[in-house]
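Data first, discussion second: the structure below is written as C-alpha cells.
Predicted model only: the values in this text are computed from it and were never measured. Just so we're on the same page: letters track the sequence lines, and every chain starts at 1.
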Protein chains: 2
Amino acid sequence: MPTRPRTSTASIVAAARHILETQGLDALTMHAVARAVGVRGPSLYKRVRDRSELMRLIANDVFRQLGARLDTMVQGQTPREDVRAIACEYRAFAHANPRAYALLFSPVPEDWRVDLEQTQRVSALLLRSVAQLTGERDALPAARMLVAWVHGFVSMELAGAFRLGGDVEVAFDYALERVTAAIERE
Amino acid sequence: MPTRPRTSTASIVAAARHILETQGLDALTMHAVARAVGVRGPSLYKRVRDRSELMRLIANDVFRQLGARLDTMVQGQTPREDVRAIACEYRAFAHANPRAYALLFSPVPEDWRVDLEQTQRVSALLLRSVAQLTGERDALPAARMLVAWVHGFVSMELAGAFRLGGDVEVAFDYALERVTAAIERE
DNA sequence: ACCTGAACACCGTTCAAGT
DNA sequence: ACCTGAACACCGTTCAAGT
C-alpha cells in the first residue's frame, strides 16, 4: 500500500551538513542523520545508496553554494577588483563552512568527488575574470595559481597551521596583492 | 613475570603509514596495524593511547621526514634557487606520500595535530631562505604566501581538482616563477 | 511505496587471565 | 611486563515484515 514519504534527499543532505558543521565528521553517523530528519537509520537507504554517496552529495551541495556566492561577486568592477572580490568571498565562505569546505579537496576518500559539471561552472567563472587580466593564453595557469593560493591559505588557516604568531590578515592582504599583481604582469 | 616486547612504537607507526599509503584511510584499522607488526589488536594499546594518538604520531612522522628532506635542499645556491628547490622538493614529497601528506592539513580531526616543535623547525628553515629575498620585515607573510600556494597546488593536484585539461606541469612552473618573483619584488 | 525492528559483520576499546 | 581471547558498545548495511 502506498505511503507518503516522510523525508527527502534534500533535507537529508541539509541535516547531514548541519551535523557535520556543528559536531564534526565523527558525529556524522547514519543514525544521527536519520534522527535529525525524523526517521530511523535504515530508511535513509531509500534515498541514498550508502554513506559515501551521502558524503558526495554534501560535497556537491557545498560546492554549488560556493559557486553561487562567487557568482554574485562578479559585478561591473575592474577585472582586478573582481578577482580580489572572488578571493575574499572564497575565504569568507570557507570560514563560514569550515568542515564542509574541508571535504572538497580531501583526497582521503576517492568516491565522494564533486560533479564535473559543478567544477566547470565555477572554473568558467574564475577563468573569465582572470582572462581579463592575462589574456586567454595564460588564463588557465593564472587561474590555477590564484585558486591554489586561496585554497592553500584557507586550508592552512582552518587547520590551524599558521602557528608563528604574526597577523594572518596582514599575510592574506600581502599575498592577495602580490598574486593579483603577478597575474596581470606582462 | 617480565616478558620481552614483541613490537615498538616506531614499527607500529611505520606499519600504519604503509597501510595508509597503500590501502587508504579506511583500511587503517587497529587490527590491520596489529597484524602487520605481528601482534593482536589489544596489544597496541600498550604503546598508543588510542587511534587518534596513532594518527597524530603518523602526522608527526610525515612532517619530520618532510622537514628533513627540505633541509637537504638548502645548499649554497642563490636564495632564489633555494626557494625554488624547496618548493619542488615539497611537491615531490607530497606526490610520493599523498595520503600521509593529506593528513597534515586535514582539519577534520582536532587532536592529531603535528607537534609545535616540528612545525617551528620547518618554518625556521623556510623563513631563513625567504628572508634573504625579502628582508626580515616581510619574511613571515612572504613565507606564508609561498607555502600556502605550494600546499594548495599539491593539495588540489592530489585531490584531482585540476580537471580542465591543460598541462599541470606548465601551471606549476608558471606559478612558481611568479610567486618567487613576487616575493623578491621591492 | 515507504518505514521499521531485528540481525550481521566490523571496528575501537577494555579487562581479566595467562606467561 | 607484555600479550591474548572474550566481551561491550557502536556503526554501516540488509532484509523480511508491517502499513
Out of [options], which nucleotide sits closest to the side chain of [X]?
{"X": "B:Thr29", "options": "C:dC11, D:dC3, C:dC3", "result": "C:dC11"}
{"X": "B:Arg40", "options": "D:dC11, D:dG5, C:dT13", "result": "D:dG5"}
{"X": "B:Arg51", "options": "D:dT13, C:dT13, D:dC3", "result": "C:dT13"}

For A:Leu28, does its backbone N or O pair with a side-chain atom of A:Arg51 as donor and acceptor, under 3.5 Å?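 Yes; judged by distance alone, with no hydrogens or angles, the pair exists.
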Measure from the side-chain N and O atoms of A:Gln118 to the backbone N and O of A:Val114, and report whether any donor-acceptor pair falls under 3.5 Å.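 Not a single qualifying donor-acceptor pair exists.
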What nucleic acid atoms does B:Ser43 come within less than 4.0 Å of, heavy atoms only: base, sugar-phosphate, or nothing?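 Here B:Ser43 touches the bases of the nucleic acid.
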Remember a base hit wins even if backbone is also touched, and classify A:Pro42 as base, sugar-phosphate or nothing at under 4.0 Å, heavy atoms.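 Touches a base.
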In whole angstrom, give the distance that lies between atom NZ of B:Lys46 and atom C1' of C:dT19.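 Going from B:Lys46 (NZ) to C:dT19 (C1'), I get 13 Å.
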Would you kindly give the OH-to-P distance between A:Tyr45 and C:dA6, to the nearest whole Å?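 Rounded to the whole Å, the gap is 18 Å.
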With pairs defined as Watson-Crick or G-U wobble and both distances under 3.5 angstrom, please note down DNA chain C as a dot-bracket string, | for pairing with another strand. ||.|||||...|||||.||
Does A:Arg47 put a side-chain nitrogen or oxygen below 4.0 Å from OP1 or OP2 of C:dA1?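 Answer no for this pair, as no side-chain N or O of A:Arg47 is under 4.0 Å from OP1 or OP2.
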Answer whether the closest heavy-atom distance between the side chains of B:His151 and B:Tyr101 falls below 4.5 Å.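 Result yes, sub-4.5 Å side-chain heavy-atom pair found.
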Test the B:Arg144-A:Tyr174 pair against the cation-pi criterion, namely NZ or CZ under 6.0 angstrom from the six-membered ring centroid and within 45° of the ring axis.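 Because its charged atom misses either the 6.0 Å distance or the 45° angle limit, B:Arg144 does not stack over A:Tyr174.
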